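All remarks here apply to the structure that follows.
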Amino acid sequence: MTLPPKVTERAFERLAEIGAGAQGKVLRVAVEGGGCSGFQYEIKLDDAEADDLVLEGAGEKVVVDSVSLPFLSNAVIDFTDEIIGARFVIDNPNATASCGCGTSFSM
């Protein structure tokens, strides 16, 4: 059974801060082949598609396409603001290894 990813309040708050919903945009989290570990995350502001899983909070939306959903089962989508930079991050329990930058992983 595929459990949907979870989105933290901090991630929804950041989307609200940048005005994603006010611009009619959603945060798209997708998984693609590539990267140094086999798969990589694509995280971007985008338009929602009809077959997307929509996760809502604080008036904002995060979407995951049906192909990426199994790779993100039970993952946590968060936002971090550290000395090295601010970014959306994925804590993915399905990943067996990841690269140092955290944008690619293997299963």
Side-chain angles (χ1 to χ4, degrees):
M1 182 170 129
T2 301
L3 297 173
K6 297 172 185 71
V7 182
T8 66
E9 286 184 35
R10 186 171 37 210
F12 282 128
E13 289 169 2
R14 180 60 179 159
L15 286 171
E17 286 173 13
I18 63 175
Q23 298 172 43
K25 298 294 182 183
V26 298
L27 183 72
R28 177 169 302 281
V29 178
V31 174
E32 301 178 332
C36 53
S37 296
F39 296 99
Q40 62 187 6
Y41 298 114
E42 180 182 15
I43 302 172
K44 65 180 180 177
L45 291 180
D46 199 5
D47 298 312
E49 300 291 332
D51 68 336
D52 287 335
L53 170 70
V54 179
L55 306 163
E56 296 185 62
E60 301 294 330
K61 296 179 182 178
V62 174
V63 299
V64 178
D65 64 85
S66 59
V67 173
S68 299
L69 188 56
F71 296 100
L72 295 168
S73 178
N74 211 27
V76 176
I77 301 163
D78 196 5
F79 181 79
T80 182
D81 190 358
E82 301 173 348
I83 294 173
I84 60 170
R87 62 190 174 125
F88 289 96
V89 295
I90 314 281
D91 180 12
N92 191 342
N94 307 300
T96 56
S98 64
C99 67
C101 67
T103 60
S104 71
F105 65 99
S106 61
M107 293 181 81

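These numbers were taken from a predicted model, which means no experiment stands behind them.
For the atom pair Asp47 CG and Lys25 NZ, the distance stands at 3.5 Å (nearest 0.5 Å). Here the CG-CZ distance, from Leu45 to Phe88, works out to 7.5 Å after rounding to the nearest 0.5 Å. Rounding to the nearest 0.5 Å places CD of Glu32 at 12.5 Å from OH of Tyr41.
Residues satisfying the side chain to side chain contact (heavy atoms under 4.5 Å, CB included) test with Glu49, not counting sequence neighbours, are Arg28, Asp51, Asp52. Residues satisfying the salt bridge (Lys or Arg N to Asp or Glu O under 4.0 Å) criterion with Arg14, sequence neighbours excluded, are Glu17. Under the salt bridge (Lys or Arg N to Asp or Glu O under 4.0 Å) criterion, Lys44 pairs with Glu42, sequence neighbours left out. Judged as a salt bridge (Lys or Arg N to Asp or Glu O under 4.0 Å), and not counting sequence neighbours, Lys61 has no contacts. In this view, Asp91 satisfies the side chain to side chain donor-acceptor pair (under 3.5 Å) rule with no residue, not counting sequence neighbours.
Pairs passing the salt bridge (Lys or Arg N to Asp or Glu O under 4.0 Å) check and including a residue from residues 62-83, sequence neighbours excluded, read Arg10-Asp78.
Hydrophobic clustering, with ILVMFWY side chains joined whenever heavy atoms are under 4.5 angstrom apart, groups Ile77 together with Ile43. Both Ile90 and Leu53 sit in one connected hydrophobic cluster of ILVMFWY residues. Membership requires side-chain heavy atoms under 4.5 Å apart, directly or through other members.
Between Ala86 and Phe79, the shortest heavy-atom distance links the atoms CB-CZ, 3.6 Å. Residues Ser73 and Pro93 approach most closely at O-CG, 3.9 Å, considering heavy atoms. When all heavy atoms are compared, the tightest approach of Glu60 to Ala20 is OE1-CB, 3.6 Å.
Members clustered with Val63: Val26, Val54, by chain and number, using a 4.5 Å side-chain heavy-atom cutoff among hydrophobic residues. Through ILVMFWY side-chain contacts below 4.5 Å, Ile84 is grouped with nothing and stands alone.
Remark: side-chain polar atoms of Asn92 are paired, donor with acceptor, to backbone N or O of Phe71 under 3.5 angstrom. The closest donor-acceptor contact from the side chain of Ser68 to the backbone of Val31 lies under 3.5 Å. Panel note: side chain Gln23, backbone Ile18; a donor-acceptor pair is recorded below 3.5 Å.
Within the 4.5 Å cutoff, the side chain of Pro5 has heavy atoms near those of the Leu69 side chain. The side-chain heavy atoms of Val62 and Val29, taken from C-beta on, include a pair separated by under 4.5 Å.
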